[in-house]
Protein chains: 2
Amino acid sequence: MALPTSAAQSAPSPFRTREEKMRDRAEKRDAVLRAAVRMFNARGYHATSLDDVAASLGISKPTIYHYLGNKEQVLTECVSRGLEPLRLAAEAAKSEPGSGLERLRRFLLDYARTNMDDFGRCMVRTGDELLSPEGAAQIRARKRDIDDALRTLIADGVADGSIAPVDVKMTAFALAGALNWPARWHDPAGPMAPDAIAAALVDVLIGGLAPRG
Amino acid sequence: MALPTSAAQSAPSPFRTREEKMRDRAEKRDAVLRAAVRMFNARGYHATSLDDVAASLGISKPTIYHYLGNKEQVLTECVSRGLEPLRLAAEAAKSEPGSGLERLRRFLLDYARTNMDDFGRCMVRTGDELLSPEGAAQIRARKRDIDDALRTLIADGVADGSIAPVDVKMTAFALAGALNWPARWHDPAGPMAPDAIAAALVDVLIGGLAPRG
DNA sequence: TCGTTTCTATACTTGCGAGTAGATTGCTTA
DNA sequence: TAAGCAATCTACTCGCAAGTATAGAAACGA
């Protein structure tokens, strides 16, 4: 039989193609992860059972196991999805124009915003203690890459004079800490927009507390 | 029989006075908490069983229950001990001499150092999700007091001109985030001294990234 | 049409760890 | 000397939630 092209959709057929089925499957997997990450953020990983997650989707626990290997994999997949936009932002910052400070500022804004969405919050809040040694090592390596990119941006800025001659490592920790913290306190349902928070935090960090000249 | 005064200790008696016994009890309770907080920090609260804690002290679980009501109370007591030095520092900062910025700087240094000791780390890492609603509310109220003190110090500095006209609330979050973060990454057994880390972080936060005129 | 794969459910097993019962020992006090 | 209390143990109960065995329905391919 001839495979229908994706363009040939005049009358939607009930028969799914291979790609459609793969997409269906991916959508269901996504739905599981979205439900899980919300509950992890709201109640914590250990306080969330996969039965709870399943119930919130109107399905049963074995269905989750059909899409994901085990509970830790559900968590690591959520963390991965929180990490990915950071990796992309770090990648992008490398080849952008502008001074070190300008490139850093854009990266920090992305970083802060990302940390306030569902997967970003989960990523920040998931410490090594929740994961198996292997899982923790993988995640740590990927976080380390982000941190390296951050340090490089700072060093670039120091080198081109757009950033004061700070201690690069400690500065990276200070920035990361300040921008990770909203994952703990920010309420997505509250009145403060993530963009505004990100902008305010970045302004404080770049300007410092001491009054300028 | 006459109670021995605490001065009459020429030959240490095996018979304990009431105060000595109370002190003994307090010491044992402390030992339980110190053992527990170390394991909570190393492996996480949920991954630490009270059997583990007991074993590390060469005692049995019911002995822990003799000194503390339940597992959550072990945790909340650890968190309290992490919070207490912060409360004292906040209290002290109120009545110290110096500009707003100077008082804030001293407070921030205390804050950062405290967050790197055993109980401080536990305090920072213990999110609401680990506690019962009642426990979480109590802890949150006490953290809120610290945050209020921090905001007041910032506002004082802005008012007296020693701090730039920043957004007080966001600044408090940025500072707290940056100084809480070492609770996640600092290794007490590593080469970096908490004092040096605290100083470096505070310098970055006060000075900012942008070069000064 | 028939075997195979996909998806889903019900109903189970299993292990861990919080918390408890009850006994024991020894000091304290009436 | 007996009652009481403090401190500790061994040996349990019990509930929860991760993960599994198994089966049935639908879709698919040959």
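Residue numbers begin at 1 in each chain, while the letters A, B, ... track the order of the sequences. Just so it is clear, the values below take in all heavy atoms, side chains as well, and ignore hydrogens, waters and symmetry mates.
- Note: CD1 (A:Ile64) to P (D:dA18) measures 9 Å, nearest angstrom.
- Between the P atom of C:dG17 and the NE2 atom of A:His46 lies a distance of 11 Å, rounded to the nearest Å.
- Residues A:Glu72 and A:Ser132 bring a donor and an acceptor atom of their side chains to less than 3.5 Å of each other.
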After noting the C-alpha distance and the side-chain angles of B:Glu102 and B:Arg106, does the key distance pass the salt bridge (Lys or Arg N to Asp or Glu O under 4.0 Å) rule?
-> CA-CA 6 Å; B:Glu102 280 160 6; B:Arg106 280 193 295 269; 5.3 Å; no

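- Under 3.5 Å, the side chain of A:Lys61 and the base of C:dA9 form no donor-acceptor pair of N or O atoms.
- Atom CG in B:Leu75 sits about 12 Å away from atom P in C:dG19, given to the nearest Å.
- The backbone N or O of A:Val166 sits nowhere less than 3.5 Å from a side-chain atom of A:Thr171 that would complete a donor-acceptor pair.
- In this structure, A:Leu68 atom CG and D:dG19 atom P are separated by 12 Å, rounded to whole Å.
- Of all nucleotides listed (C:dG19, D:dA6, D:dA18), D:dA6 comes nearest to the side chain of B:His66.
- The distance between atom CZ of B:Arg25 and atom C1' of C:dC27, rounded to the nearest whole Å, is 15 Å.
- Taking 4.0 angstrom as the limit, B:Tyr65 places none of its side-chain polar atoms (N or O) nearer than this to OP1 or OP2 of D:dA7.
- Among the protein residues, B:Ser60 comes within range of the nucleic acid bases, having at least one heavy atom under 4.0 Å from a base atom.
- Between B:Leu57 atom CG and D:dC9 atom C1' the separation is 16 Å, expressed in whole Å.
- Using cut-offs of 30° and 60° on the angle between ring planes, the pair B:His46 and A:His46 is tilted.
- Within 4.0 Å of A:Lys28, counting heavy atoms only, lie sugar-phosphate atoms of the nucleic acid but no base atom.
- Across all strands shown, B:Thr63 has heavy atoms under 4.0 Å from sugar-phosphate atoms exclusively, and none from any base.
- The residues A:Arg34 and A:Asp118 are annotated as not salt-bridged, no charged nitrogen and carboxylate oxygen being separated by less than 4.0 angstrom.
- We find that NZ of A:Lys71 is positioned 8 Å from P of D:dA17, with the value rounded to whole Å.
- Atom CG in B:Asp51 sits roughly 15 Å away from atom P in D:dC12 (whole-Å rounding).
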